J.: 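Just passing along the structure, written as C-alpha cells.
Below, read A as the first sequence line, B as the second, and so on, with proteins coming before strands; counting in each chain starts at 1. Since we're looking at a predicted model, the values are computed, not measured.
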There are 2 protein chains.
Amino acid sequence: MSLLTNALEEIPDIVISRLPIYLRTLRLLDAQGAEVTSSQELGQLLGLSSAQIRKDLSHFGEFGKQGTGYNVAYLCNQLEKILKVDCVWPVILIGAGYLGHALASYNGFEHRGFRIVGVFDSDENKIGTTIGATVIQSIDAIAATIQRYRCQIAIIAVPATAAQQVADLLIATGIKSILCYAPITLTVPAHVRVEYIDPVIYFQHMTFYLTKGCIDE
Amino acid sequence: MSLLTNALEEIPDIVISRLPIYLRTLRLLDAQGAEVTSSQELGQLLGLSSAQIRKDLSHFGEFGKQGTGYNVAYLCNQLEKILKVDCVWPVILIGAGYLGHALASYNGFEHRGFRIVGVFDSDENKIGTTIGATVIQSIDAIAATIQRYRCQIAIIAVPATAAQQVADLLIATGIKSILCYAPITLTVPAHVRVEYIDPVIYFQHMTFYLTKGCIDE
DNA sequence: GTATGTGAAGACTTTCACAGCG
DNA sequence: CGCTGTGAAAGTCTTCACATAC
C-alpha cells in the first residue's frame, strides 16, 4: 500500500485520532534513546492492545520488520508525514484572558508542529499589551493575519457568551479548524471541523464512576 | 426501569461520555428560558441523531413525554443525579504555572459541580503566594488536603517530566481520578481513571484533514 | 524464536422504523 | 398528530489467530 492516504480506502476517523498519541509516545521513546519498539511495548505504554496498534498502522503502509518491530525514529517520521506535522502550522488565538495567556506562553507547540502567530482580544485595555513577545491585537486585525499566514487553525479562548460570534467571524474569514475552549457546542458549516476542550466534561464523566463524596454533604 | 444505574445492565462508557454534553446544552436551553425540548432539537444543536439521544437516555429511565418531548429543567436534574454532580466535588490542582493559574482563576467550575480546594507546587518561590484567595502550598501538604476534603479528583498541570512522579504520589494518597494536562500517557493502576487534555493532540488530528499549508514552505 | 500484517470473527454502536402513548 | 422508547438491522471497530518474514 502506498504511504500516504490513498482515496481507495477511507480511513476511520477514530484511527486518525489515535495517531497523535502514538506519535507523542514514540517521540518520548526516541528521546529516551530507544531505537526499536514493538506494537506490544507501545500497547503497554498506552493501555491499548498490540493488535489495535498494528491494525491502525496498517491503514497507511508497512512500517515494521517481522521478528524485530518498528524503528522508532522512522515510524515517528512516517507518522509526522501522515499527520502533516513535518512542518510548522500557523495558529491564531482569540481571547487573552488567563487561559489565553497560558496558551500564548506555552512553549511546547513549536516542536510538535504549531506556532501561535497572532493573539486577539476585544478588550480595549488589553490591546497593545504583550504576552512574552506577542502583542495583543484588536479583533479587527484577525482577517489580515489569517491572510498573511494562510492560517487555517484557530483557538477560541473567549467566554461562552462570545464564542459563537467569534466562530462565525473566523469561519467567514477562512478558518477551517477550531479548537474551542468555551463550554458550548458551536454551530458551524460542514466544511469546518471543531474540537472541544472543556475540563468540566471530563470531571462529570469521572464522577459517574466515583462514589459520591461531595463537599456539602 | 429504575432511575439510577441498576447493576442489571452495564452502561457503555461511550454513553456516559455524552451525558455531560447533553447536560451542558440543556442548561443553556434552560438559561434561555426553554421549558421543553425534543431529541430532535438536541440532536440538531449537538450534531447527533435524535435516535442516538433517545437511546442514550433510555439506559437510565424514561424522561420524556410522547408527543411532547422532554421538560428541560427536569431532564437537567435527572442528568445531574445520574452523573452525581447535584453537589460540589472537591478537586486539587498540582502545578501553579500559567495553566495552573488559569484553572485556579476560572470561575466556571463551581456551578457545574466542582471546586478547587487546594493548589500545590514544588517551586519554593511560588509557595505562600496566592492566586485570588487561594494560597499555593507545598507538595508535602497534598495528603492533608486530600484527607480533609476526602478528595478523589486531581488536576495535573505540571511539566511532562514531573507528571508521572506527581501521579504516583497522588495515587498513593488516595486520588481516584486524574485530569492530566501534561502531554504524556500516565501509567496507573486499574482502579484509577485518567483523562487527558493536550491541545496538540487535537491540532494534529485536524491537520490530517487540512491541505498542507505550513509557515516554512 | 519473535513480531508484523491481515482476513475472519466477534463485540460494540448507531440507525432504522414503528408500536404506543399523550 | 407528534415524539418517545425500543427491538431488530445495519454499520463500525476491536480482537483473534495465524501465515509470513526476519
J.: In whole angstrom, give the distance that lies between atom NZ of A:Lys55 and atom P of C:dA9.
T.: 13 Å
J.: Ring centres under 6.0 Å, that's the criterion: do A:Phe203 and B:Phe114 meet it?
T.: yes
J.: Of the listed nucleotides (C:dG22, C:dT14, D:dA21), which one gets closest to any side-chain atom of B:Lys65?
T.: C:dG22
J.: If I take atom CG in residue B:Leu75 and atom C1' in nucleotide D:dC3, what distance separates them, rounded to the nearest angstrom?
T.: 14 Å
J.: Would you indicate whether the side-chain heavy atoms of A:Arg112 and B:Pro183 approach each other to under 4.5 Å?
T.: yes
J.: Classify the nucleic acid contact of B:Ser39 as base, sugar-phosphate or nothing, counting any heavy atom under 4.0 Å across all strands shown.
T.: sugar-phosphate
J.: Rounded to the nearest angstrom, tell me the gap between atom CG in A:Asn71 and atom C1' in D:dC22.
T.: 15 Å
J.: Rounding to an integer number of Å, can you tell me how far B:Glu62 CD sits from D:dG7 P?
T.: 11 Å
J.: Can you check the A:Gln44 CD to C:dA3 P distance for me, whole Å?
T.: 12 Å
J.: Could you state the atom-to-atom distance from CD1 of B:Ile11 to P of C:dT14 in whole Å?
T.: 14 Å
J.: What's the CD1-C1' distance between A:Ile14 and D:dT12, to the nearest Å?
T.: 9 Å
J.: Distance check needed: C:dT6 C1' versus A:Phe60 CZ, whole Å only.
T.: 16 Å
J.: According to a strict under-4.0 Å criterion, is B:Arg18 in side-chain N/O contact with OP1 or OP2 of C:dT14?
T.: yes
J.: Where the side chain of A:Ser58 is defined as all heavy atoms beyond and including C-beta, which of D:dG5, C:dT15, C:dT6 is the nearest nucleotide?
T.: C:dT6
J.: Closer to the 5' end of DNA chain D via nearest nucleotide, is it A:Gln66 or A:Pro12?
T.: A:Pro12
J.: Closer to the 5' end of DNA chain D via nearest nucleotide, is it A:Leu48 or B:Arg54?
T.: B:Arg54
J.: Reading DNA chain C from 5' onward, which residue's closest nucleotide shows up sooner: B:Ala51 or A:Ser50?
T.: A:Ser50
J.: Under a 4.0 Å threshold between the charged nitrogen and the carboxylate oxygen, would B:Asp86 count as salt-bridged to B:Lys81?
T.: no
J.: Verify the contact: side-chain N or O of B:Gln52 to OP1 or OP2 of C:dT14, cut-off strictly under 4.0 Å; return yes or no.
T.: yes
J.: Contact class for B:Leu57 (heavy atom, under 4.0 Å): base, sugar-phosphate, or nothing?
T.: nothing
J.: Is A:Ser49 near enough to D:dT15 that one of its side-chain N or O atoms lies under 4.0 angstrom from OP1 or OP2?
T.: yes
J.: Report all side-chain donor-acceptor pairs from residues 185-193 of chain A shorter than 3.5 Å, counting only partners two or more places apart or in another chain.
T.:
residue  : atom : partner : partner atom : Å
A:Thr185 : OG1  : B:Arg24 : NH2          : 3.2

J.: Under 4.0 Å from OP1 or OP2 of C:dG22: is there any side-chain N or O of B:Tyr70 that close?
T.: no
J.: Whether the B:Arg54 and B:Ser50 side chains hold a donor-acceptor pair (N or O, under 3.5 Å, no angle test) is what I'd like checked.
T.: yes
